[in-house]
Visitor: 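Dropping a structure here in structure tokens format, bear with me for questions.
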Amino acid sequence: MRLPPDTVESAEHRVQLWFGPHILRTYRAAPSAAEQYAQAVGSRFPGVRVTIDDQAGQGLAPLPCEQLWMLTP
């Protein structure tokens, strides 16, 4: 069964990037991609905090392409 374009699968998580008390970006992602993203961002940008929860909702942008955040410095 194909889901409508703005329906978010329940397996997706909300991923938020924080700088201090400010939310920089909010995405939706599969659980494994969310964890990999949090590790990659945390190792490259120690001042940015990444939170992951199960509050993915309609209208959230998908996580950027893995090639953008998994590049080796």
Side-chain angles (χ1 to χ4, degrees):
M1 178 174 105
R2 188 171 179 165
L3 297 173
D6 57 342
T7 300
V8 177
E9 296 179 28
S10 61
E12 291 187 313
H13 288 351
R14 178 175 65 177
V15 180
Q16 293 183 301
L17 277 73
W18 298 77
F19 186 71
H22 306 286
I23 297 173
L24 301 175
R25 295 292 296 181
T26 301
Y27 300 109
R28 62 181 164 83
S32 61
E35 290 294 332
Q36 290 175 347
Y37 182 74
Q39 289 177 359
V41 170
S43 67
R44 288 177 179 82
F45 306 102
V48 175
R49 181 172 50 108
V50 179
T51 60
I52 301 169
D53 61 35
D54 62 356
Q55 301 299 311
Q58 293 181 353
L60 292 181
L63 196 63
C65 177
E66 184 177 350
Q67 291 177 334
L68 294 175
W69 46 270
M70 290 301 289
L71 293 174
T72 306

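Position 1 is the first residue of the sequence, and the numbers go up from there.
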Visitor: Please report the shortest heavy-atom distance between A38 and V50, naming the atom on each side.
Guide: CB-CG1, 3.7 Å
Visitor: So which heavy atom on H13 is nearest to which on D54, and how close?
Guide: ND1-CA, 4.0 Å
Visitor: Mind listing the closest non-hydrogen atom pair of L60 and R14 along with its distance?
Guide: CD1-CG, 4.0 Å
Visitor: Between A29 and A33, which heavy-atom pair has the shortest distance, and what is it?
Guide: CB-CB, 4.4 Å
Visitor: Quick one: CZ on R44 to CD on Q39, what's the gap to the nearest 0.5 Å?
Guide: 11.0 Å
Visitor: Less than 3.5 Å apart, which donor and acceptor atoms pair up between the side chains of residues 15-25 and the rest of the protein, not counting sequence neighbours?
Guide:
| residue | atom | partner | partner atom | Å |
| --- | --- | --- | --- | --- |
| Q16 | NE2 | T26 | OG1 | 3.3 |
| W18 | NE1 | T51 | OG1 | 3.0 |
| R25 | NE | Y27 | OH | 3.2 |

